[in-house]
Amino acid sequence: MTNRIEKRFTQLKKEKKKALVTFITAGDPSPKICENILNDLPRHGVDMIEIGIPFSDPMADGPTIQRSSQRAISSGSNLKKTFEIIRKFRIKNNDIPIVLMGYFNPIFQFSLKSFFIKCKSIGIDGVIIVDLPPEENELINQYTLKYNVHNIRLITPTTDSSRLKKVLKHTSGFLYYVSIAGITGTKKPLISGVKKAISKIKRNTNLPVLVGYGIDRYEGIKRLNAVAGGCGIGSAIEKILAEDLKQQPGAEKI
């Protein structure tokens, strides 16, 4: 059974286009503002939206997204309220793919089965569980298959051929190549190195490969799209939001 992610990539291939994926943290800086941003993204040409689950210890993220998670938690956001934001969005937009990105602990505490049932019922198309290694895939495999929610995995510059095969075994939807060795939004990717890595990945899978982490300029996106299926932008968006908040008196209390 296909879902919105596969449909979108099929459409992009026909149109000879690459995917533009954006990331926002659920509830940042407040549920209302987050809903407004989410509703506005599709009309700006976004092909897919990643929504981050607020978490107190987002170890794979840099300071920009860490702060966005802190703002979201301060505004009362959690996994339950993240689902509610997405449910409201789906009333207005049932076409654009949504990927939920986060850490295993909040999902486990919610109950794995309940989590994936909820994903299915409100229209979440894929999940990226940052700290769930491929060796632990059996914890979620039955649910991703049953509820047609793609298990999207991260590939890093340090992923060797043996590790890549393990990752690919239970990956679906697309692969997300982390273009830098480190946390989000702290470095710029070396384009030549990314191209070489993606070429190696493509020799092992037919899944689309998207590139993320450290991407914030059109020129870089254009060069990466020559070999990738698209690019993901997260920290750059959160930086714009953070700068805008600084200009608003009392915004730190939102």
Side-chain angles (χ1 to χ4, degrees), residues 1-27 34-53 79-102 107 110 112-130 132 137 140-155 167-168 170-177 201 205-212 215 221 225 228-234 237:
M1 183 188 302
T2 59
N3 73 11
R4 295 176 191 86
I5 291 174
E6 292 154 327
K7 290 177 181 177
R8 184 53 54 98
F9 278 116
T10 298
Q11 177 186 346
L12 288 169
K13 187 175 181 179
K14 288 180 179 178
E15 297 174 355
K16 297 182 179 180
K17 294 180 179 179
K18 301 300 177 77
L20 174 61
V21 184
T22 56
F23 171 93
I24 60 173
T25 300
C34 179
E35 288 173 19
N36 291 340
I37 294 171
L38 182 58
N39 289 329
D40 207 37
L41 285 173
R43 75 181 186 90
H44 291 289
V46 172
D47 296 297
M48 198 179 308
I49 301 172
E50 288 180 29
I51 299 178
I53 303 168
L79 181 52
K80 184 177 180 180
K81 292 184 178 179
T82 298
F83 282 137
E84 180 61 15
I85 288 171
I86 297 169
R87 185 193 68 80
K88 290 180 180 178
F89 173 77
R90 277 292 181 228
I91 295 172
K92 299 179 180 180
N93 189 309
N94 197 40
D95 296 320
I96 194 165
I98 290 179
V99 174
L100 204 55
M101 186 172 187
I107 297 170
F110 192 84
L112 294 177
K113 184 176 181 180
S114 298
F115 172 82
F116 283 99
I117 289 174
K118 192 69 174 179
C119 286
K120 175 68 174 179
S121 68
I122 65 173
I124 292 169
D125 305 287
V127 294
I128 301 174
I129 306 178
V130 180
L132 185 69
N137 266 323
I140 64 170
N141 281 343
Q142 60 177 313
Y143 303 119
T144 58
L145 293 171
K146 182 175 181 177
Y147 299 108
N148 193 29
V149 178
H150 283 308
N151 179 15
I152 299 159
R153 306 296 314 206
L154 302 175
I155 302 290
V167 171
L168 289 174
H170 296 291
T171 300
S172 59
F174 65 90
L175 284 159
Y176 206 123
Y177 181 72
I201 294 168
T205 181
N206 291 321
L207 288 173
V209 182
L210 303 186
V211 182
I215 302 170
I221 292 174
N225 277 346
C231 289
I233 302 174
I237 293 174

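Worth saying up front: this structure is predicted, and the values here are computed from it rather than measured. For this chain, numbers begin at 1 and follow the sequence in order.
No donor-acceptor pair under 3.5 Å is formed between the side chain of Lys17 and the backbone N or O of Leu12. With hydrogens and angles disregarded, no donor-acceptor distance shorter than 3.5 Å links the side chain of Lys113 to the backbone of Tyr143. Within the 3.5 Å criterion, the main-chain N or O of Arg90 finds no donor-acceptor partner in the side chain of Arg87. Although no hydrogens or angles enter the test, the distance criterion places a donor-acceptor pair under 3.5 Å between the side chain of Glu6 and the main chain of Asn3. A distance-only check finds a donor-acceptor pair linking the side chain of Ser172 to the backbone of Asn151 [under 3.5 Å].
Using a 4.5 Å heavy-atom cutoff, the side chains of Val167 and Ile155 are in contact. In this structure, Val127 and His150 have side chains that are not in contact, with every pair of non-hydrogen atoms separated by 4.5 Å or more. Using a 4.5 Å heavy-atom cutoff, the side chains of Asp40 and Arg43 are in contact. Contact annotation: the side chain of Asp47 never approaches that of Thr22 to less than 4.5 Å [non-hydrogen atoms, C-beta and beyond]. Side-chain contact check for Arg153 versus Tyr176: every heavy-atom pair is 4.5 Å or farther apart. Within the 4.5 Å cutoff, the side chain of Ile128 has heavy atoms near those of the Leu154 side chain. Side-chain contact between Ile233 and Leu20: present, with at least one pair of heavy atoms (C-beta onward) separated by less than 4.5 Å. Phe9 has its side chain within reach of Met48: a pair of non-hydrogen atoms, C-beta onward, lies under 4.5 Å apart.
Among Ile96, Ile98, Asn94, Asp95, the single residue meeting the side-chain contact (heavy atoms from CB on, under 4.5 Å) criterion with Arg4 is Asn94.
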Does the pair Ile53 and Ile107 meet the rule for a side-chain contact (heavy atoms from CB on, under 4.5 Å), with working shown?
-> CA-CA 9 Å; Ile53 303 168; Ile107 297 170; 4.2 Å; yes
Walk me through it: do Leu175 and Ile152 pass the test side-chain contact (heavy atoms from CB on, under 4.5 Å)?
-> CA-CA 6 Å; Leu175 284 159; Ile152 299 159; over 6 Å; no
Check against side-chain contact (heavy atoms from CB on, under 4.5 Å), Phe116 and Ile140 = CA-CA 9 Å; Phe116 283 99; Ile140 64 170; 3.9 Å; yes
For Asn39 and Asn93, what are the C-alpha separation, side-chain angles and deciding distance, and is it a side-chain contact (heavy atoms from CB on, under 4.5 Å)?
-> CA-CA 8 Å; Asn39 289 329; Asn93 189 309; over 6 Å; no
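Nearest heavy atoms, Asn225 versus Gly230: OD1-CA, 3.3 Å. Smallest separation of non-hydrogen atoms from Ile124 and Phe83: CD1-CE2, 3.6 Å. The minimum heavy-atom distance between Ile85 and Gly27, with the atom names listed, is CD1-N, 3.7 Å. Across Cys119 and Val149, no two heavy atoms sit closer than the pair CB-CG2, 4.0 Å. For the pair Leu207 and Thr205, the tightest heavy-atom approach, listed with the atom from each and the gap, is N-OG1, 3.0 Å. In this structure, Ala228 and Lys18 approach most closely via the heavy-atom pair O-NZ, 2.8 Å.
Proximity of the aromatic rings of Tyr147 and Phe115 is defined here by a centroid distance below 6.0 angstrom, and this criterion is not met.
Here the CD1 atom belonging to Ile91 is positioned 12.5 Å from the CD1 atom belonging to Ile86, to the nearest 0.5 angstrom. Separation of atoms CE (Met101) and OG1 (Thr82) is listed at 14.0 Å; rounding is to 0.5 Å. Rounding to the nearest 0.5 angstrom, the gap separating the CG atom in Leu38 from the CD1 atom in Ile49 is 5.0 Å. Residue Lys7 holds its NZ atom at 9.0 Å from CG of Asp125, rounded to the nearest 0.5 Å. In this structure, the separation between CG on Asn137 and OG1 on Thr171 is 7.0 Å, given to the nearest 0.5 Å. Between the SG atom of Cys34 and the NZ atom of Lys88 there is a distance of 10.5 Å, given to the nearest 0.5 Å.
Heavy atoms of other residues, nucleotides or ligands lying less than 6.0 angstrom from NZ of Lys118 number 12 at most.
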